[in-house]
Amino acid sequence: MVELLNNSFRQFSLNSIKIKSFRANEARTLTPRPFQCLLTEDKQRAIVKNGKDSLDICRVVNGTWQTSGGWGRIERDTAVDAMLQYADAGLNTFDLADIYGPAEGLYGIFINRVRRERPPELLETVRGLTKWVPPPVKMTRSFVSESIDVSRRRMDVAALDMLQFHWWDYSNPGYLDALKHLTDLKGEGKIKTIALTNFDTERLRIILENGIPVVSNQVQHSIVDMRPQQKMAELCQLTGVKLITYGTVMGGLLSEKFLDTNLTIPFAGPALNTPSLQKYKRMVDAWGGWSLFQELLRTLKTVSNKHGVSIPTVAVRFILDQPAVAGSMIGVRLGLSQHIKDANAVFSLVLDEEDISNILQVTNKGRDLQKVIGDCGDEYRRA
């Protein structure tokens, strides 16, 4: 089915796509949106949209999953101070989730400080993109509405800038019920834009066929994990849906810290002491192993030295330049560490043909993770 779907994308007409509606036993036609420039005038923001729904975001997104535990103790006031520092530096889009511990509550405190302590111009640019990760229960209107109200109260906003929806089990079709209720709530002004997180290409297509106004899909995407540039990006370019990426610096593995290290010798290299580092080390193993990863890091170091930036900056820029990508996340350890300088350097970095060629010479030696793991999000749905 997956391969058949992939082949069908290549046969789509650029003028129209005729597909079967899952809400009615008849064909409906989707007209692919014209390719359009993602960037606003300042080149640091991108627009995600579907029809009349539109939201501009900073292309480097602050990921707050590190507030959920496992990355160090977060102190509330210090964390909010750090959020203000990021916003003041132009990095004013925050990715949150109902399951990220205190993240939504921290945003609520932060946004109130912005309202009180900053000029209205800054408030107008701040964005809070949250996620809803529900249990596999019946998706009634009341359950969906009450769940969204929890996030609205925590974040202290009348309308969520973006609600990114996650679903664990595709064998349970309740995700369509949930998305239809979310669409109704958007119509009531409680949500500005609807998005997805970790959905695969087949389900994204089904959701669009059902008329859900999805503006983006958040997926794992890095120089090592290029799965989104296969089937997913092709569908996104045809329909106008954008990608927001995470895992772009692989929890910190794509950095100088892990250059010229040998993790096969116990205690010889930096500790893999966070959930992210452990997760992305498994991705490295699936892709090609630590030796090949070291070759990649050395190549990235050469590129970074050439441009006077860091390895993570090159890693993020490479993904931002990929088709359909609107924004890439960098995790923030609020109050514990800071990456404002490296993140802002992404906006001025231009990778030339030599840089890209040298990077691809290494990455092409790795395994195709689409064949090893499956499509986007499949790593969360396999036993």
Side-chain angles (χ1 to χ4, degrees), residues 1-12 14 17 19 22 30 32-36 38 46-50 57 59 61 63 95 129 131 162 164-170 175-176 179 193-210 212-248 250 280 283 286-287 315-316 318-329 360 363-364 366-382:
M1 175 62 184
V2 172
E3 183 60 31
L4 179 61
L5 184 65
N6 191 27
N7 291 337
S8 70
F9 291 151
R10 300 187 179 94
Q11 298 168 5
F12 283 161
L14 291 180
I17 309 171
I19 56 179
F22 280 68
L30 292 182
R33 303 180 209 169
F35 299 124
Q36 56 185 342
L38 277 173
I47 297 172
V48 294
K49 64 183 300 182
N50 188 322
I57 63 173
R59 297 201 76 199
V61 180
D95 179 80
L129 321 179
K131 302 183 192 71
M162 178 185 288
Q164 301 169 101
F165 177 67
H166 178 89
W167 191 252
W168 294 104
D169 182 9
Y170 293 145
Y175 67 91
L176 286 175
L179 284 164
T193 55
I194 296 173
L196 305 173
T197 181
N198 287 315
F199 271 78
D200 66 7
T201 308
E202 182 180 354
R203 252 54 59 163
L204 172 59
R205 183 172 181 240
I206 291 172
I207 289 166
L208 293 173
E209 289 170 354
N210 275 266
I212 307 298
V214 171
V215 299
S216 64
N217 185 21
Q218 186 177 131
V219 294
Q220 183 174 296
H221 196 357
S222 69
I223 291 177
V224 167
D225 185 2
M226 295 294 289
R227 289 176 296 158
Q229 289 308 314
Q230 298 187 41
K231 295 181 298 180
M232 179 64 69
E234 192 169 3
L235 178 60
C236 286
Q237 287 186 288
L238 285 168
T239 61
V241 174
K242 304 304 179 189
L243 298 176
I244 297 176
T245 74
Y246 67 91
T248 309
M250 303 188 73
Y280 293 113
M283 297 297 297
W287 170 69
V316 174
F318 185 89
I319 295 303
L320 284 178
D321 289 341
Q322 300 303 310
V325 174
S328 291
M329 281 191 287
L360 292 179
T363 59
N364 288 340
R367 300 185 187 95
D368 180 354
L369 290 181
Q370 183 95 10
K371 297 178 180 178
V372 176
I373 299 172
D375 200 4
C376 299
D378 280 359
E379 60 270 29
Y380 296 103
R381 298 181 179 87
R382 289 189 172 185

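In this text, all values refer to a predicted model and were calculated from it rather than measured experimentally.
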Check whether [X] reaches the backbone of [Y] with its side chain - one donor and one acceptor, N or O, closer than 3.5 Å.
X	Y	answer
Asn217	Val219	no
Asn50	Val214	yes
Arg205	Leu235	no

Is any side-chain heavy atom of [X] closer than 4.5 Å to a side-chain heavy atom of [Y]?
X	Y	result
Glu202	Lys231	no
Val325	Phe318	no
Met162	Ile244	yes
Leu196	Leu179	yes
Arg227	Glu379	yes
Tyr175	Ile207	yes
Cys236	Leu243	yes
Asp95	Lys131	yes

Heavy atoms only: give me the nearest [X]-[Y] pair and the separation to one decimal.
X	Y	result
Ser328	Thr248	CB-OG1, 3.8 Å
Gln237	Ala324	CG-CB, 4.4 Å
Ile223	Ala315	CD1-CA, 3.9 Å
Leu320	Ala326	CD2-O, 4.3 Å
Gly63	Met329	CA-SD, 4.1 Å
Ser222	Gly247	CB-O, 3.3 Å

Let me see the working for Leu369 and Trp287 under side chain to side chain contact (heavy atoms under 4.5 Å, CB included), right down to the final yes or no.
-> CA-CA 6 Å; Leu369 290 181; Trp287 170 69; 4.2 Å; yes

Rounded distance (nearest 0.5 Å) linking atom [atom1] of [X] with atom [atom2] of [Y]:
X	Y	atom1	atom2	result
Thr239	Leu208	OG1	CG	5.0 Å
Cys376	Leu204	SG	CG	9.5 Å
Asn198	Arg203	CG	CZ	13.0 Å
Thr201	Ile206	OG1	CD1	11.0 Å
Arg59	Ile47	CZ	CD1	11.5 Å

Would you call the rings of Tyr380 and Trp168 parallel, tilted or perpendicular, where under 30° means parallel and over 60° means perpendicular?
->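 Correct class here is perpendicular.
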
When you look at Tyr280 and Val224, which way does the side chain to side chain contact (heavy atoms under 4.5 Å, CB included) test go after all the steps?
-> CA-CA 10 Å; Tyr280 293 113; Val224 167; over 6 Å; no

Reference residue Gln370; test side-chain contact (heavy atoms from CB on, under 4.5 Å); the match among Gln229, Gln230, Met226 |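 Going through the options one by one, the only one that passes is Gln230.
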
